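First comes the structure, then the notes that go with it.
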Amino acid sequence: MIPLSYYLVLSAFLFICGVLGFLIKRNIITIFMSIELMLNAVNLTFVAYATELKSLSGHIFVFFVMVVAAAESAVGLGIIIAVFRSRETLNVDRVNLLKL
Amino acid sequence: MDQNLNLWIIPLLPLAGAAINGLLGKRFPNKLVATIALFFTACSFGYFCYVASLFSHLTQIPHIESYGTWMQAGSFHVEFGAYLDQLTMIMLGVVTGVGFLIHVYSVGYMAHEGGYYRFFAYLNLFMFFMLTLVLGSSYLLMFVGWEGVGLASYLLIGFFFRKNSAAQAGKKAFITNRIGDFGFLIGLFLIIQHWGTLQYDSVFQAVSGYGVETHAGLFTAIGICLLIGACGKSAQIPLYVWLPDAMEGPTPVSALIHAATMVTAGVYMVTRSNSIFSRSPHAMLVVACIGAATALFAATMGITQTDIKRVLAYSTISQLGYMFLACGVGAYTAGVFHLMTHAFFKALLFLSAGSVIHAVGGEQDMRNMGGLRKYIPWTFWVMTAATIAIAGIPPFAGFFSKDEILWKTFSSESLRPVVGAGFNKFLWLIGIITAGMTSFYMFRQWFMTFFGEYRGAKHDHEADHGHAAPAHDDHGHGTPHESPAIMIAPLVVLAILSFCGGWVGIHNKFDGYLSPVTKIQVANTPAAEEAVMPGEKAPAEESGSNTELILMITSVGVALIGFGLAWYLYKAHPEKPAAIVKSLGGLYTTVANKYYVDEFYGATIVKPILLLSTKVFWKGVDVTLIDGALNGSAAGAQETSQGVRRMQSGNIRSYAGWVAVGAAVVIGYMVYVGVAR
Amino acid sequence: MKELISFSNHNILTVITFLPFAGALLLMLFPRRDRDIKWFALLISVLTFLASLHLPWHYSYVTSGFQYEQNIPWISTPNIHYHMGADGISLWLVVLTTFLVPLSVLISWTSIKERVKEFFILMLILETAMIGVFVSLDLFQFYFFWEATLIPMALLIGMYGHERRIYAAVKFFLYTMVASVFLLASIIWLYVHSATNWSGPTFDFVELQQRIQAGQIAGFGHAAQWLFLGFFIAFAVKVPLFPFHTWLPDAHVEAPTAGSVLLAGVLLKMGVYGLLRFNLGLFPEAARRNAPWIITLAIIGIIYGALVALVQPNMKKLIAYSSVSHLGFCVLGIFSFTAMGVSGSVYQMLNHGVSTGGLFMLLGMIYERRHTYDIKQYGGLATPMPVFATFFLVITLASAGLPMLNGFVGEFLVLSGAFQARMIYGILAASGVIWGAYYLLWLYQRVFYGEVTVQANNTLRDLNARERLSLWPLAVMSLVMGVVPMLFLRQINPAVQAALAPFSNGVNAAAPNARHILQVLAQVIGR
Amino acid sequence: MLHEILFFFFAAGCVAGAINLLAQKHPINSALSLIVVMASLAGLFLLMGAEFVGAIQVIIYAGAIMVLFVFVIMLLNAGIEEHTKGSKIAIILGVPGAAVVATLITWILLRTETSNTPISIGQLHGTGADIGRLLFGPFLLPFEVTSVLVLIAIMGAVVLARREDA
Amino acid sequence: MSTQVLTSIPTVDYIRILPEIVLGIFGIIVMMADAFIPQQDSKKPLGYLAFIGMVVALLATLCQARFPGIYDPTNGTGFFGMVRVDSFSLFFHVLIALIAMAVILMSFEYMEVQRMRSGEYYGIILLAALGMMLMSSAVELVMIFIALEISSIGSYVLAAMRRRVAESAESSLKYFLLGSFATAFFLYGVALIFGATGSTNVYTIAGAIRAMSPVPPMIYLAVALMFIGLGFKVAAAPFHIWTPDVYEGSPSPIVALMSTGPKAAAFAVLLRVLFAMDAPGWFWIVWVSAALSMTIGNIGALVQTNVKRLLAYSSIAHAGYLLVAFAAARDSGISAAIFYTATYAAMNVGAFAIVSHFANANEKYVNLSDYAGLGRRSPILAAILTVFLLSLIGIPITGGFFAKFYVFTSALQSHLVGLTIIGVINSAVGAYYYLRVIVYMYMRDEREEVPVARMPFGLAVALAMCLVFTIYMGVLPNQFIGYALRSAHDLVR
């Protein structure tokens, strides 16, 4: 029997890995992947709770999160392509025309 | 109930003249301007005569008229009104009479000056304010006149406004007067605070319930405050400095304002307030001391002056000191008596000095005169009369009044509560020394001007001469010449008055006339009667009159000594003075430079204030401190703003970092709340 | 006829207040023909002036309290009313405003050459706002107008001013803005806490006053000091009281003439008016407690302003600092809590409006000719411009407080009142009389007397008919106000009595010793 | 027992994948690590009986989305990431912040009693049928609205990817 | 649960989402119509179409309001508790519709000038507006999340619409990455609250939380995470950091939209989450966040020279003022917040409309110095901009004044003296930088090379809308605040 907390802590770990990825990765695509990681972590929490609560709406939520993630990735990658076109780089540290 | 005398007409007439000339005079020919000015002044004098004729029929004196409320706030209110008693009558007479004469004189004197209409408008305006001053029924109206004559004086001193010195002198006069007015105002506030009114009748009514102060108290405070005002207006120590400079004004102005009328306002005020002063021996003492000190001090300066008008100016200060001395010893009537005679002979002196200046083409330095007797005999004679009068040689007017003052100084008991009889003797001594000095410098002037050889150049150096009244160039005279009749006529009238004006004082007639004004009831002092009404009745009549006679002879003697000395030094041995000057050295320089008082004031008051204002207040407090703090905080905000900007580095990872920190804080707090609760 | 009068009495304040605004709206529709615009603006402002004469004319001496009242609900949440009303104090301030605006229009006739339309629109809007301030009896409405004066004035300075106009405009705006937010906060606090058991919260001044006196406001005791300070700071900056005065010289120096006239003539009065109406009216206790240090500031302002004025090389700055000094008298009078002091203070406000307004107009005229305010550039002007010199002298003397001219009455009453409150107040403040004469006459001497020193001044033309026309009313008013002050005091006095009613017992302010000031400070910090 | 083993296996996969995601310099390696994470998660989902979710986790996430990522990485020819020092804040503030967040979340999760509930297979079956009923029942509106989301995403992607002609 | 499936959906439920349906249909129409317009042609017809769509949506909302029983308090929820139509949601629907209308109107000219040819622009605006509307009426966290994402994704795309400009793509990237980052936090919070209460419906959660005693820390954690996500969306400090960059790079009309529409919707959600959901413990968070937002926004704006950036900082500050009302809570606070949202929308959209008009091709002229002398060259526009700026300062007779007034009133009613003082000081500080714009317009000498175009009709209409609204709120806020109060009642009922 795996206690709920294992899932939750695992999920929290993944979430923080996502946050850290955002903070330390330089490649925009990798950063975006970190966000996906965060969403996945949340999904794990949902499913874990759903199981614990015996409520399927958690699953439904995961479903919607996935849809949203898909939509986001379509748009996000589009944006990344647009940025790459104009700046010829994927290094996030070099994308700082707008500041101060 | 007495009939309504419509006293307001007296001051309003000159005001009408001033208004007409001031607003429209620019387009009028000079003749018309002069006519208007003379007409209204004459009417004023005429109306005064009419009032005078009715005065003796009045059942109630003081005769008070009220024309409506001027201002009101809370329970305090001041009325427009007139207050007519014997003192007012004398002052009205002097002001309108001498004023009229000087107007007449001015018609001739100013004939060739620019701004003719302006001059007469100012002069009439002065008359208005001076009459308001003496006629007003409350201290506040007196203050109105007080400030008003200050204004007129300012305008008239600065009449030749293109001359910087004239403008400067006008300003100095006004501001010095303002310092005095400051004291006056405080005095008024004290009166309001205690009696809630400034109307003479109410104040005097309220005051009558008090006795003589044994210690300095309310009355002393009021008295000294009023005295400060009087010092300003009447050019007493320490506020006398403006009067010599005021000689920058046209000579008739000096005669009217700075000799005959305005400067005596202080004496009038003290006399008018006698019921307050008499209740405070301390204040009286201060008045007497200031008077005596001024008399002596100014006389010493008079000796060294070479400018004909400045000699007269210092003489005026000195004579005003006499009047203050009189008031200080409780001899108000003597003071007013001297005020009157002084008005005659000093006006005459100034006017004839003006005539002299006129004769020699604007020259004022006596060292450049001499021997004018031959050229301007009329002037010479009237000036002689005036000089004798001021020197105090009988039977000229000055003798009577001056003698009265000296006698009262010697014998008065009103200072007895604070000082011993010896002090009176001391004051008398100062008076008598001053009298001698007065005689000396007046005759010095007389000799220097009219005797010896004419030392004047041929008037081609006019352009580079600082004191020159600018508009005399069109005369083009080579030799001194006599003034026109319109100028001589008033001189003659004044000469007659200087000669016989003092006779009204014989047998204490004048004293008796004025005594209702100065007679006051003091509740708690048994000796009050004699203390405040010296001369009214003397217990030791016989010994008193003996002493009086001795003193009289002494004073005449001193005057003659002064004359003799002047004759010796300036007629018989004109080379002597220079030697004496040399032997005196620094002392002489000090006195000739008026004891460096102006310089002293400048260095200790004016300069530090200007410096303080500029360096400390303006540049220091305003610019550096307040604005500095503001600009500093503005700069601080800008700095902070730059800091906030730097947060906005443009780097997404940094932004995420901020979000993470924010998240940590938010989560940390919420967890804390959730767990701790 | 009776109905007509009653009707007009009822609506007159609205008419006076919004007539200029309506004029401004109409003016917006005007084509850019400067001549028509000027005439129209003049017409409107004169009409407003004439309409405002209704106020003293129909003033009723029998009724107490506010007159010409109009009170209709405006906004229900919060409970804001459109409440107009005037008493003897505000009445004359309104007339002063309407009196100065036509003159300001006249003075701007030729000096404003660009963006004429905007100028007069702003001026008329400003007039509406200024009048609104004086006749609002609803605190919210008051604040509304109070703030509304800010923009047109800042724009007038910033658009039509001189070299450093932007700095001055921004400084003016921020200074007053920062201060007035505290006013807003205090007003809101009052409103929020003014609800009683049987009636909802209110902004109504009269109502609030009653509730405060009846002790119906929750927590008022603790808050009174803070509220007082909140009101005070806004008004003190506007007055301006030392040490909040530094915006004034800059604003004045840079403002166009008409701006200066209205700024000095009316806007500063708003501060004093506020102190009198609200700080005294709503917080009598706090007012009494704080009076010593406020009076100290006022007296510092009187002397300090005068001394700094003395050494200014710039004429306009000099007059600006003189305003600091003169307004110090007003504040002093108010916080003396004596009938004389307060009446004098109100009167001094009117005087200052006339005489300083006049001085600024005169300076504007000379600036139009020579484009400098530097005193050194002048000297001997009495020769080429005698009429100008004469007017200047009259107004200068009025400003210096010469009896029989307007300044004297106010100064005398204020000083006397202050003296009654505490001797030292009167004595210190009275010394301002000396300085006043000093700096003004010195200015006059340097500008007008002596020989003409700068060549360009020789050919200056004297005043033309329009300029004289704009100065005559001021000169006449100076005289009238000096000679027949009762014309005004008759209506001012009852209002002052009413304002002082809460102070009737134990009139004298507490001693201004250091301990007391420390106590107040400790109170402030301790909260 | 199997349950535990499987759990720790998949959990280890998740953790290793997540750490590798961070550690790898080349985005393609990171993407592959992410796929490992997702696949492991799918396993965990199945472990909890979330059949439907586990399935679409593989199909949508690991399949569609990650393919898109890899495709874009290839398209843009992204190389090894440079090690620029563009942001001190992220390291100085962000990482400690994240650490704090992690600690706090973990702490709270662990101290909540419900967290100790054991979770076993078969507690809840998220079958396709049940999910479908929900989606077309109570969650009909979100489901339909999702179409709008997709639509807007498509339009956005089209706009962004299209070259703007001058 | 299975019974629910069988329950047919009542017709009235469709009326509850009528505006959204309308927008969805029009979005699709616009998208399809785009195909029929040649690539190089002006896309103005699409704009008209979109405008009509917005108008119809507005009418639909009004129709909702009129429909009996629909927003009857007890029976407002539809679609199995997914959406709820009440005064609150209606208010935001109308507001968002009006904002979108104004943005569409001002876009006509902007698209021409910037030579933007994407027809999707209008379609995305419509669909994003749909998302925003749905945010305000959604009462189920799933629904809220999806709606939030619709509006966010729309905003991301719209931010990148200036295709020729690198800054636009960058701003979009920043918005997108950070937005998703924040969304993840929000989502995590939702997950936790779901775990803690077993529900995702706002009102059910509220009931559960009320039933719990004590409230477990988990709830607090969840609320914190949700606040992070929503705080980011409303640009509240310390999550404001993206705002200036994104606003600077995005197309001006879109900034007008972003700074008002999604923000208003996010505030609506925040109101729902904090008040309707009865979230605990957030008071000091909101307090500090409000104080920080006001201060950072105002201080940060002081030295800005780019008008768009300046307005971005100002928008942070205004979020702060709004949060003051949140902290004040109670009906008056909520109504003040609602009022503020609407007023801020009016003045900010107006300001950006003028900024976008002046910006010219490639948004070349958005610096303060480009505004020099505008009062002379374009007096009417300058005057209108002045009104908006004054409103942003909070000067009487503009809506901004009353907005601040209500906020501070409610704050004082809740005895938030400290926050009120911080607020009023901030509004005084804020005056400076708005004033700076006015100063430039009226008091600086003009620069001839900055061109001023004629005011097109669309812009005029948009400006008129904003102006009328701003002034109306400033003079007669009565009706409006009354409505806001009713909405507040409905929200927490």
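Note on naming: letters A, B, ... go to the chains in the order of the sequence lines (proteins, then strands), and numbering restarts at 1 for each one. What you see is a predicted model; the values in this text were computed from it and never measured.
Heavy atoms of Phe408(C) lying under 4.5 Å from chain B belong exclusively to its side chain. Both the backbone and the side chain of Phe143(B) come within contact range of chain C, each with at least one heavy atom under 4.5 Å from a heavy atom of that chain. Looking at Val483(C), both its backbone and its side chain come within 4.5 Å of chain B, counting heavy atoms on both sides. Using a 4.5 Å cut-off between heavy atoms, Phe488(C) does not touch chain B at all. Only the side chain of Leu198(B) comes within contact range of chain C, judged by heavy atoms closer than 4.5 Å. With a threshold of 4.5 angstrom between heavy atoms, Lys619(B) does not approach chain C through any atom at all. Only the side chain of Gln497(C) comes within less than 4.5 Å of a heavy atom of chain B; its backbone N, CA, C and O stay farther away. Residue Ile427(C) touches chain B through both its backbone and its side chain, counting heavy-atom pairs closer than 4.5 Å. In this structure, the portion of Phe242(C) lying under 4.5 Å from any heavy atom of chain B is its side chain and not its backbone. Within the 4.5 angstrom heavy-atom criterion, only side-chain atoms of Phe182(B), from C-beta onward, approach chain C. Using a 4.5 Å cut-off between heavy atoms, Leu393(C) contacts chain B through its side chain alone, with no backbone atom that close. When heavy atoms are compared at a cutoff of 4.5 Å, Leu489(C) approaches chain B solely by way of its side chain, counted from C-beta outward. Residue contact with chain B, scored on non-hydrogen atoms closer than 4.5 Å, involves the backbone and the side chain of Trp442(C) alike. Both the backbone and the side chain of Leu415(C) have a heavy atom closer than 4.5 Å to some heavy atom of chain B. Neither the backbone nor the side chain of Tyr439(C) comes within less than 4.5 Å of any heavy atom in chain B. Using a 4.5 Å cut-off between heavy atoms, Val621(B) contacts chain C through both its backbone and its side chain. Using a 4.5 Å cut-off between heavy atoms, Leu610(B) contacts chain C through both its backbone and its side chain.
A distance of 6.0 Å or more separates the ring centres of Tyr449(C) and Phe160(B).
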- Message: Could you walk me through whether Phe412(C) and Phe189(B) satisfy the ring-ring contact (aromatic ring centres under 6.0 Å, His included) test, starting with their C-alpha distance in whole Å, then the side-chain angles of each, then the deciding distance to 0.1 Å, before giving a yes or no?
- Response: CA-CA 9 Å; Phe412(C) 178 78; Phe189(B) 294 154; 5.7 Å; yes

- Tell me, with the steps shown, if Phe174(B) and Leu402(C) meet side-chain contact (heavy atoms from CB on, under 4.5 Å). CA-CA 11 Å; Phe174(B) 196 86; Leu402(C) 193 85; 3.9 Å; yes

- Message: Show, in sequence, the C-alpha distance, side-chain angles and deciding distance for Tyr438(C) and Lys171(B), and conclude whether the side-chain contact (heavy atoms from CB on, under 4.5 Å) test is met.
- Response: CA-CA 8 Å; Tyr438(C) 195 175; Lys171(B) 189 194 73 184; 4.1 Å; yes

- Task: Test His245(C) against Ile626(B) for side-chain contact (heavy atoms from CB on, under 4.5 Å), laying out the working first.
- Result: CA-CA 9 Å; His245(C) 63 279; Ile626(B) 301 176; 3.7 Å; yes

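Listed options Leu487(C), Val452(C), Val409(C) were ranked by heavy-atom pairs under 4.5 angstrom with chain B; first place goes to Val409(C). Among the candidates Pro249(C), Ala382(C), Pro403(C), Gly379(C), the residue making the largest number of heavy-atom pairs closer than 4.5 Å to chain B is Pro403(C). Of the listed residues (Gly170(B), Ser75(B), Ser613(B), Ala634(B)), the greatest number of heavy-atom pairs within a distance under 4.5 Å of chain C belongs to Ser613(B). Each of Asp622(B), Ile192(B), Val78(B) has some count of heavy-atom pairs under 4.5 Å with chain C, and the biggest count is that of Asp622(B). The candidate from Leu612(B), Leu190(B), Asp181(B) with the greatest count of non-hydrogen atom pairs under 4.5 Å with chain C is Leu190(B). Counting heavy-atom pairs under 4.5 Å between each of Gly341(C), Ser416(C), Gly401(C), Ala309(C) and chain B puts Ser416(C) at the top. Chain B forms more heavy-atom pairs under 4.5 Å with one residue of Ala400(C), Gly426(C), Gly417(C) than with any other, namely Ala400(C). By number of non-hydrogen pairs under 4.5 angstrom with chain B, the leading residue of Tyr347(C), Trp435(C), Trp247(C) is Trp435(C). Chain C forms the most heavy-atom pairs under 4.5 Å with one residue out of Gly22(B), Gly68(B), Ala73(B), and that residue is Ala73(B). Among Thr383(C), Leu174(C), Leu405(C), Val342(C), the residue making the largest number of heavy-atom pairs under 4.5 Å with chain B is Thr383(C). Taking chain C as the reference chain and counting heavy-atom pairs below 4.5 Å, the highest number among Leu140(B), Ile609(B), Ile179(B) is found for Leu140(B).
A donor-acceptor contact shorter than 3.5 Å is absent between the side chain of Arg162(B) and the backbone of Gly380(C). Panel note: side chain Asn493(C), backbone Gly74(B); no donor-acceptor pair is recorded below 3.5 Å.
A 4.5 Å side-chain heavy-atom check between Ile186(B) and Met423(C) finds every atom pair outside the cut-off. The closest side-chain heavy-atom distance from Pro386(C) to Arg118(B) is not below 4.5 Å.
Counting all heavy atoms, side chain and backbone alike, Gly482(C) lies closest to Trp70(B) at O-NE1, 2.9 Å. Of all non-hydrogen atoms in Ile434(C) and Arg178(B), the two that sit nearest each other are CG1-O, 3.8 Å. Nearest approach of Trp618(B) to Val311(C), heavy atoms of both residues: CZ3-O, 3.8 Å. Of all non-hydrogen atoms in Tyr154(B) and Tyr444(C), the two that sit nearest each other are OH-CD2, 3.6 Å.
Phe80(B) CZ to Met486(C) CE: the interatomic distance, rounded to the nearest 0.5 Å, is 11.0 Å. One finds the CE atom of Met71(B) at 11.0 Å from the OG atom of Ser343(C) (value rounded to the nearest 0.5 Å). Atom CG of Asn631(B) sits about 6.0 Å away from atom NZ of Lys171(C), to the nearest 0.5 Å. Separation of atoms CD (Glu411(C)) and CG (Leu185(B)) is listed at 8.5 Å; rounding is to 0.5 Å.
Between Asp627(B) and Thr246(C), the side chains place a donor N or O and an acceptor N or O closer than 3.5 Å (distance only, hydrogens not considered).
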